Every structure is written in C-alpha cells, then in structure tokens.
Amino acid sequence: YTGRSTSSTNTMAKQEKAQQAKDAFVTEITARSQDFSQWYLDVVRKAELADYSPVKGCMVIRPYGYAIWELIQKALDARIKATGHVNAYFPLFIPNSLLTKEAEHVEGFAPQVAYVTHGGGEELEEKLVVRPTSEAIIGTMYAKWIQGWRDLPILINQWANVVRWEKVTRPFLRTTEFLWQEGHTAHETEAEAEDETLEILHLYKDVLETEMAVPVVEGRKSESEKFAGALRTYSIEALMGDGRALQAGTSHNLGQNFAKAFDITFQARDRSVQHVWGTSWGMTTRLVGAAIMVHGDDSGLVLPPRIAPYQVVIVPIGRDNWRDTVLPRALEIQRELAGAGIRVTLDERDERPGWKFSEWEMRGVPLRVEIGPKDIEKSAVLVARRDTREKHSVPMEGLPSRLLQLLDDVQTSLFARATQFRDEHTHRTSDYAEFKQIMEGRPGFVIAPWCGSAECEAQIKAETQATIRNMPMSGSTPSGKCIRCDNPARYEAWFAKAY
RNA sequence: CGGGAUGUAGCGCAGCCUGGUUAGCGCACCUGACUGGGGGUCAGGGGGUCGCCGGUUCGAAUCCGGCCAUCCCGACCA
C-alpha cells in the first residue's frame with residue numbers, strides 16, 4: 001500500500017483523484033494473477049479471517065474466519081448425524097506407549113508429534129503425546145467398550161484440535177494446530193467398513209460441492225500416500241485457482257490393523273472371537289483456505305452464500321439527515337430479510353458508501369443492497385452481486401424472495417465457474433514427454449495411466465513435482481502402458497502439483 | 001530441516017552503510033465541521049520498550065553474537 005497523494009492542492013480533477021484512490025486501494029491486496037501466494041496471505045489478513053500468533057505455525061482464527069468454519073461445521077455435522085453417527089470427545093493427551101502400538105502408524109506420525117514431558121512441576125514418568133490424530137486413544141477405549149457383535153457398529157465422531165509439527169506452515173492450509181472432525185467407527189465385517197468409508201467420502205464430496213461450491217474428485221490414494229496404518233485411503237481432491245491441487249478430505253478403511261494393535265475384539269455370531277474392522281475419516285479448517293483459493297479474485301474473498309457469515313450487506317446512502325430518512329427504511333429491510341432466514345448485516349457506520357462497497361467486497365459478501373433517497377422514491381433498492389459485479393434495481397416488494405433466489409443463483413454459478421475452471425485445467429495424456437511438458441508451470445490435473453509401482457510414482461514426482469492425487473473409482477481401467485514404464489497400466493491416476 | 005530475504009505505531013515504509021538533540025512520513029485511528037449513489041475535504045489530536053536477549057561503547061533503531069517469528073525456494077504432510 002503506497003498511500004494516496006500527499007498533495008493537498010485542489011487542482012487535481014475530482015475524477016483523477018478518485019482513480020488514484022482506487023489504484024491505491026487495489027494495491028492493498030496483491031493481485032491474484034501477479035502473486036497467488038501473496039494474494040492468499042493478503043486476503044487472509046485483510047479480510048480478518050486469521051492472524052499470526054507468537055507461536056510458529058499457530059494461527060488465531062478471527063471471528064469472521066471462524067464464522068465461515070462454523071457454517072461448514074454445521075453443514076458437515078448435520079450430515080454426519082443424519083447418517084447415524086454420534087458425537088463424543090476424547091482426550092488431547094495420549095500416553096506415548098499407546099501411540100507406538102501400531103507400527104506403521106507411529107512411524108508415520110512420530111516425526112510430527114509434540115510431547116508433554118513435564119506436569120505439575122515434575123518430569124512425567126511417561127511422556128504424553130499431544131494427539132496428531134486419535135486412533136490410538138479411541139482404539140484403546142473401543143477395546144473396553146466392545147464385547148460382542150451386538151455392540152457393533154460403533155459410529156462416533158469428534159470435533160477437536162490436533163497438533164502436527166509441520167515444517168512449512170500457511171494459515172488454514174497447514175498449521176501446527178488445526179481444528180477438524182475425526183470419525184472413528186468399528187464394524188463386524190470388512191464389507192461394512194468399506195461401505196462406511198465410501199459413504200463418508202460421498203458425504204464429504206456433497207459438503208464441498210453443495211455447501212462450498214467446490215467441485216472435487218473422489219478416488220483412492222496410492223500406497224505411498226495412504227494414511228499411516230490404514231488398509232486403504234480415499235480422498236476428495238479440489239483444484240485451487242493457481243492450478244495446484246488440495247486434498248480436502250480423507251476417509252480411511254483401517255482394516256483390522258488398529259483392532260489388532262489395540263486388541264479390539266468381539267464375539268461373532270458364529271461364537272468365534274474376531275477383530276473389528278475400523279474406519280477413520282476427517283475434514284479440517286483447511287477447507288476455509290480452499291474456499292478462499294477456489295473462489296477469490298483480485299478484490300479479495302468471494303464467498304459462496306451457504307458458507308457466508310453475511311449473505312447480504314445493506315449499505316444506506318443519503319444526504320444530511322440520512323439517519324432520519326434512509327436508516328429507518330434500511331432497518332425495516334434488515335428485519336424483513338432476517339425474518340426470511342437471510343444472514344444480513346446493516347452497515348450504518350459513518351463512512352462514505354464507496355468505502356463500504358470495497359470493504360464488503362473484499363470480505364466476500366455475496367450480495368449488497370444499496371438504499372438511498374432515489375430508491376425509496378421508486379420503492380426499490382439496488383442489488384449488487386459480488387461474483388459478477390452486476391448491479392440491478394429490485395423492487396422492495398417481494399425483496400426477500402428475490403434475494404433468496406439470487407443467493408441460489410450465486411451459489412450455483414460459483415460452482416459452475418469452479419467446475420469449468422477445473423475442467424479446463426484437467427488434461428489427459430499417455431505420453432510421458434507430453435506429461436512433463438504439461439506439468440511445467442501450474443497446469444492443474446493431468447490424468448494418466450499408471451502401472452501401480454511406487455518406483456514410477458516416486459520418479460514422476462522427482463522429475464515433475466507432480467504427485468498422484470488419487471485414482472477415481474469412476475475411472476476406466478486403462479488398456480495401454482504406464483505413463484512412465486513399459487509395464488501395463490493398471491490405474492487411471494490424477495496427477496497434480498499439490499499443496 | 002537446508003538455501004535466501006525480512007522484522008521500526010494497526011498497515012505500508014524511510015532512517016541503519018558513516019552510532020550522538022525529543023525516531024520520521026503516508027494511510028488508518030480519535031475530536032469537530034462540511035460531506036455522502038464506488039475508497040471525500042478541512043482543522044486539531046493520540047499512539048512507538050525500533051522482534052527478543054546479550055555484547056561493544058561515554059552513548060545503540062544504527063556495530064557484533066545468539067534466539068524468536070514471518071515470507072520465498074527446495075526435501076516432509078490435512
């Protein structure tokens with residue numbers, strides 16, 4: 001932000017001045033096209049979504065950012081409950097010995113774990129792990145709670161914070177501490193666990209697409225990318241505005257791995273004693289980052305109405321005594337809209353209208369209602385859309401239903417726009433030279449045949465920085481050779497450079 | 001964790017190289033007035049242990065060391 005003109009002369013034409021002020025503002029947020037990463041950080045800070053704390057990698061989620069998270073949470077929680085799950089809460093601390101019970105699990109998480117070694121002024125006999133995820137503690141409890149097949153399934157979710165000591169952090173996308181929900185279920189059969197894993201995956205996709213207007217690809221993770229200790233991991237993957245992919249949710253079929261490590265057994269219908277089949281799945285505050293990076297533009301945040309803390313902002317406009325003439329009418333409209341179930345705020349601060357317009361645009365409010373003397377005369381208001389920036393006069397009569405309809409339109413068109421962008425940035429090739437060429441820069445997804453070997457996967461990553469995001473279940477089985485080697489292709493894999 | 005950069009008021013910066021009154025500027029903020037349909041004008045005002053700790057010096061924002069945090073580029077992850 002370079003600041004406005006320091007000149008106090010009145011010689012500058014009014015228009016010129018306005019333009020200069022506009023330019024000055026525009027520089028307040030780095031242009032998205034110019035530096036996506038800096039743009040993202042600017043939006044997070046200027047829209048007051050989050051702020052840095054004194055602890056490395058730990059952010060403060062500010063009220064506006066938290067409100068977005070709460071709306072995502074609410075939508076997700078409702079779906080989790082509607083599918084028969086219940087919420088509970090497990091402890092933050094896990095005895096180190098429990099984490100180490102599942103070999104792959106501990107190997108995967110050990111480097112990222114924070115420990116508590118002292119308490120009450122004394123060194124602890126056994127250090128405590130600050131949970132990076134809760135399989136260990138929940139598995140331990142399930143072992144106590146499950147005796148016979150009638151105790152199954154157990155379908156528990158928890159909303160919690162977890163800590164992973166990340167080397168590189170970014171607000172929302174990767175923080176040392178983050179908020180999430182983690183579901184942990186136990187089942188009688190392998191098939192049931194697999195059904196559960198996929199049901200949740202579909203549920204996650206629905207939340208992203210319906211609530212957040214973010215299109216995602218559902219698929220299975222490769223061995224190297226799967227969750228530490230899982231049998232199979234599935235994910236939903238979204239494409240950000242800079243052409244990089246973001247894992248937006250994961251669902252794991254744990255098989256009997258954790259059941260065996262934690263002795264979670266039950267007596268089956270045939271009287272035999274068996275280990276349960278487990279799943280775990282989670283989505284995190286990272287989703288807020290996804291919403292920013294998928295929909296945002298040069299002016300800042302663009303929020304899909306369903307996760308917008310304010311869906312409509314009313315900006316009163318007027319002369320001299322506007323507080324007496326315009327404000328009462330604006331308050332009336334606010335009440336009317338709130339009564340129709342619209343999340344609405346009225347900006348009655350003593351600022352100039354243009355200033356307010358820009359501010360609320362930066363904060364991504366989907367619709368702005370302007371009301372001034374001219375509108376009152378016509379018994380109408382001006383409605384401006386954040387996504388298209390169109391501005392129309394709309395009669396006050398029937399305003400709530402008209403706005404509800406517009407909010408739907410915005411939600412739909414944001415999804416359509418994001419889907420189009422994703423599709424335009426999804427390529428398909430079976431030629432490695434072409435693959436490498438496409439992967440220069442930030443192209444989005446590249447669909448390519450893969451033999452399934454970890455070696456090819458690692459080589460491709462080393463040579464192009466691209467990783468296998470997942471292998472969609474809907475993908476056809478390819479007939480030719482692997483993109484990199486001469487072995488027959490077994491999977492259709494979606495590659496991308498990822499966050 | 002390696003390579004690079006940065007840290008001075010809420011934000012953006014100057015000052016540092018060459019140590020020396022009371023640390024400066026723009027925006028933002030506060031008070032008042034005029035204004036008000038895309039970031040307005042005038043007048044007056046408040047706000048800073050110069051990231052933290054230590055060293056050198058008569059004297060440190062400035063020189064030296066350590067630490068912390070942030071950003072960018074790589075290796076690891078939601």
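Predicted model, so just to flag it, every value in this text is computed and none were measured. Just so it is clear: chains get the letters A, B, ... in the order the sequence lines come, proteins before strands, and each one is counted from 1.
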For nucleotides 1-7 of chain B, which of its nitrogen or oxygen atoms have a protein nitrogen or oxygen under 3.5 Å away, and what is each distance?
none

For nucleotides 48-50 of chain B, which of its nitrogen or oxygen atoms have a protein nitrogen or oxygen under 3.5 Å away, and what is each distance?
none

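Checking C71(B), G38(B), G37(B) against the side-chain heavy atoms of R368(A) singles out G38(B) as nearest.
Taking the C1' atoms as reference points, C71(B) lies 24 Å from U62(B), given to the whole Å. Taking the P atom of each, U22(B) and G55(B) are spaced 24 Å apart, rounded to whole Å. Comparing A33(B) with G10(B), their P atoms are spaced 29 Å from each other, to the whole Å. Between the C1' atoms of G47(B) and G40(B), the separation comes to 25 Å (whole Å).
Taking the six-membered ring for Trp, F93(A) and Y115(A) have ring centres at least 6.0 Å apart.
Counting non-hydrogen atoms under 4.0 angstrom, F357(A) reaches a base of the nucleic acid. Residue-level contact check: K374(A) touches the bases, meaning some heavy atom is under 4.0 Å from a base atom. If you check every strand for non-hydrogen atoms under 4.0 Å, E370(A) touches a base. At the heavy-atom level, E361(A) lies under 4.0 Å from base atoms of the strands shown. The residue G57(A) sits close only to the backbone: its heavy atoms come under 4.0 Å of sugar-phosphate atoms, none of a base. W180(A) comes within 4.0 angstrom of no nucleic acid atom, judged by non-hydrogen atoms across all strands. Using a 4.0 Å heavy-atom distance criterion, R323(A) is classed as making no nucleic acid contact.
Listed by chain and number, the residues in a side chain to side chain contact (heavy atoms under 4.5 Å, CB included) with T426(A) are R422(A), F445(A), I447(A), W494(A) (sequence neighbours excluded). For N253(A), the side chain to side chain contact (heavy atoms under 4.5 Å, CB included) test picks out A193(A), E194(A), T197(A), L231(A), R232(A), with sequence neighbours left out. For L92(A), the side chain to side chain contact (heavy atoms under 4.5 Å, CB included) test picks out V130(A), R131(A), N161(A), with sequence neighbours left out. For K205(A), the side chain to side chain contact (heavy atoms under 4.5 Å, CB included) partners are E209(A), V216(A), E218(A), I236(A), not counting sequence neighbours.
We find that OH of Y499(A) is positioned 16 Å from P of A75(B), with the value rounded to whole Å.
Contacts between residues 233-251 of chain A and RNA chain B, counted as heavy-atom distances below 4.0 Å, involve Q247(A). Within residues 386-399 of chain A, the residues having any heavy atom closer than 4.0 Å to RNA chain B are, in order of number, K391(A). Of all the residues in residues 101-111 of chain A, not one reaches under 4.0 Å from RNA chain B with any non-hydrogen atom.
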### Query
After noting the C-alpha distance and the side-chain angles of F435(A) and F495(A), does the key distance pass the ring-ring contact (aromatic ring centres under 6.0 Å, His included) rule?
CA-CA 10 Å; F435(A) 181 96; F495(A) 289 84; 5.0 Å; yes
### Task
Apply side chain to side chain donor-acceptor pair (under 3.5 Å) to the pair T185(A) and T279(A), showing each step before the final yes or no.
CA-CA 5 Å; T185(A) 68; T279(A) 82; 2.5 Å; yes
### Query
Between H184(A) and F90(A), does a ring-ring contact (aromatic ring centres under 6.0 Å, His included) hold up when you go through it step by step?
CA-CA 11 Å; H184(A) 296 266; F90(A) 295 84; 7.4 Å; no
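Listed by first and then second residue, the side chain to side chain donor-acceptor pair (under 3.5 Å) pairs involving residues 235-247 of chain A are K221(A)-E237(A), K221(A)-Q247(A), S235(A)-E237(A), S235(A)-N470(A), E237(A)-R469(A), D242(A)-Y499(A) (not counting sequence neighbours). Evaluation of the side chain to side chain donor-acceptor pair (under 3.5 Å) test over residues 52-68 of chain A, restricted to residues two or more places apart or in two chains, returns none. Every pair passing side chain to side chain donor-acceptor pair (under 3.5 Å) that includes a residue from residues 364-382 of chain A is listed here, sequence neighbours excluded: E361(A)-R368(A), R368(A)-E370(A), E370(A)-K391(A).
Residues R45(A) and N321(A) both approach RNA chain B. Their nearest nucleotides, taken by heavy-atom distance, put R45(A) toward the 5′ side.
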